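This is the structure I have questions about; it appears just below.
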There are 2 protein chains.
Amino acid sequence: MATEGKSRKSLEEPQGGLPRNYLRASLLLLIGEAPAHGYDLLDQIAQLGLRSVDPGGLYRTLRVMEDDGLVASSWQHSSAGPARRTYRLTADGVDWLHAWAGALRESHRYLSAYLGRYDDIATTVSATLDEVTILP
Amino acid sequence: MATEGKSRKSLEEPQGGLPRNYLRASLLLLIGEAPAHGYDLLDQIAQLGLRSVDPGGLYRTLRVMEDDGLVASSWQHSSAGPARRTYRLTADGVDWLHAWAGALRESHRYLSAYLGRYDDIATTVSATLDEVTILP
DNA sequence: TCGTGGTATGTGTACACTACACCTATCTGG
DNA sequence: CCAGATAGGTGTAGTGTACACATACCACGA
């Protein structure tokens, strides 16, 4: 049992089967709902399916999004606690939010199609397997 | 306009916002519906949202899935055309299909949540942006 | 005043999946 | 014999993600 190595992970992955770049899309949505800073987004983002987001990746993503001109940031020096960088959407960011929502809506439809087809075969697939494996 | 470099792609990507490993999941479903060979799957898979899958990646993925024990292959030497390798699900493959379907169903719910929240703010987001940008 | 813990923001890096270009082999039909 | 469809395959660079780790500020109790 030392060098098992089977199943190559693929599932049991932290973020199961969520879309690529879902982090970016989620950040656009949350910041679109209300300007926020990273640590704040870190909490909220779990509601959208991203459990245990690593802070590093989140901050890095925000920075890249700023470089891309999707969000703009400004430092807030509050009296309590360390300074925080608050992000808000730019006009480009709004455009991208709309674009992403469209792409995700399409993915949503494809997932419906997938799940529909899966439900059709879910009960028979095991039986079919039996036929194949028992005979030879 | 030479060194533009903006928008760093991220959208306009071939596979928009489809789940990670969606190729694997789709192959499991299609092979679960009926045993098939790679070139055949290449056609069918477009129905699930994957437009323009590169053949290389598909064959490679099938091979990895075989290494992982999710599918089993056998060569079919037909009289017409080159030989083809037909894949069918193993018992493990069926398990993984069920697991993937579960994960995708969860993602489907999260996408619903995302789209619901998006629809709530879709009309107001641009207006909010105006307030911010006009005033200062 | 020292250190501990929570808030808040970051860097380094390895790995997996993807994308794109390219290659080989078999058979059919002109 | 060669073009084109079928069928399967390799090489490799780029991107996104995961995980470990580092920094700074402030409040609070020992």
Side-chain angles (χ1 to χ4, degrees), chain A residues 5 7-27 35-45 49-68 71 73-87 100, chain B residues 5 7-27 35-45 49-68 71 73-87 100:
Chain A
S7 96
R8 235 177 205 66
K9 69 169 198 55
S10 285
L11 201 60
E12 57 240 346
E13 285 176 70
Q15 309 302 353
L18 288 169
R20 310 185 187 80
N21 284 313
Y22 190 61
L23 180 58
R24 283 173 82 101
S26 298
L27 291 174
H37 59 278
Y39 197 81
D40 189 19
L41 293 163
L42 208 54
D43 285 340
Q44 295 189 54
I45 209 148
L50 292 158
R51 298 157 291 208
S52 71
V53 182
D54 84 294
L58 187 139
Y59 288 115
R60 196 160 9 214
T61 301
L62 285 171
R63 202 85 67 73
V64 174
M65 286 167 68
E66 185 162 26
D67 287 348
D68 290 351
V71 296
S73 69
S74 55
W75 285 97
Q76 314 268 259
H77 297 276
S78 97
S79 55
R84 46 176 101 162
R85 178 179 274 188
T86 302
Y87 289 91
W100 265 107
Chain B
S7 96
R8 233 177 208 66
K9 68 172 197 58
S10 285
L11 202 59
E12 56 242 344
E13 285 176 69
Q15 309 303 352
L18 287 170
R20 311 185 187 83
N21 285 312
Y22 191 60
L23 180 57
R24 280 173 84 101
S26 298
L27 292 175
H37 58 278
Y39 197 81
D40 189 18
L41 293 164
L42 208 55
D43 286 340
Q44 294 189 53
I45 208 147
L50 292 158
R51 297 157 292 210
S52 72
V53 182
D54 84 296
L58 187 139
Y59 288 116
R60 195 158 11 211
T61 301
L62 284 171
R63 204 85 67 72
V64 173
M65 286 167 68
E66 184 162 27
D67 286 348
D68 290 351
V71 297
S73 69
S74 55
W75 284 97
Q76 313 269 254
H77 297 275
S78 98
S79 54
R84 47 177 102 164
R85 178 178 271 189
T86 302
Y87 289 91
W100 265 106

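Sequence lines set the chain letters: A, B, ... in the order given, protein chains first and strands last, and positions in each chain run from 1. Keep in mind that what you see is a predicted model, and the values were worked out from it rather than measured.
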>> Let's test your reading of the model: under 3.5 Å, does the base of D/dG16 pair with the side chain of A/R24 as donor and acceptor?
In response: no
> To the nearest Å, how far apart are A/L27 CG and D/dG16 P?
Replying inline: 13 Å
>> Rounding to an integer number of Å, can you tell me how far A/D68 CG sits from D/dT15 P?
In response: 11 Å
>> Please report the distance, rounded to the nearest Å, between CZ in B/R84 and C1' in D/dA5.
In response: 13 Å
> Nearest to the side chain of A/N21 - D/dT17, D/dG8, C/dG10?
Replying inline: D/dT17
>> For a quick test of reading the model: is some side-chain N or O of A/Y39 closer than 4.0 Å to OP1 or OP2 of C/dT7?
In response: yes
> For A/G38, which contact category applies under a 4.0 Å heavy-atom criterion: base, sugar-phosphate, or nothing?
Replying inline: sugar-phosphate
> Does A/T86 offer a backbone N or O that forms a donor-acceptor pair with the side chain of A/Q76 under 3.5 Å?
Replying inline: no
> Is the phosphate of D/dT15, meaning OP1 or OP2, less than 4.0 Å from a side-chain N or O of A/R20?
Replying inline: no
> Starting at the 5' end of DNA chain D and moving along, which residue's nearest nucleotide shows up first, A/A83 or A/L23?
Replying inline: A/L23
> Distance check: side-chain N/O of A/R85 vs OP1/OP2 of C/dG10, anything under 4.0 Å?
Replying inline: yes
>> Rounding to an integer number of Å, can you tell me how far B/L18 CG sits from D/dG16 P?
In response: 15 Å
> Nearest nucleotide by nearest heavy atom, which residue falls closer to the 5' end of DNA chain C, B/P55 or B/R60?
Replying inline: B/R60
> Roughly how many Å is it from CD in B/Q76 to P in D/dT6, rounded to a whole number?
Replying inline: 18 Å
>> Nearest 0.5 Å, please: how far is CZ in B/R84 from CG in B/D40?
In response: 7.5 Å
> When we call it a touch if two heavy atoms are under 4.0 Å apart, what does B/R63 touch: a base, just sugar-phosphate, or nothing?
Replying inline: sugar-phosphate
>> If I take atom CG in residue B/D54 and atom P in nucleotide D/dG9, what distance separates them, rounded to the nearest angstrom?
In response: 14 Å
> With respect to the side chain of A/H37, which nucleotide from C/dT7, D/dA7, C/dT9 is positioned closest?
Replying inline: C/dT9
> Is a side-chain donor or acceptor of B/R20 paired with a backbone partner of A/L18 at a separation under 3.5 angstrom?
Replying inline: yes
>> Are the side chains of A/Y22 and A/W100 in contact, using a 4.5 Å heavy-atom criterion?
In response: no
> Please give, in whole Å, the distance from C/dC23 P to B/Y59 OH?
Replying inline: 18 Å
>> How many whole angstroms separate atom CG of A/L50 from atom P of D/dC19?
In response: 13 Å
>> Checking side-chain contact (heavy atoms from CB on, under 4.5 Å) between A/L27 and each of A/L50, A/V53, A/V71, A/I45, which is the one that passes?
In response: A/I45
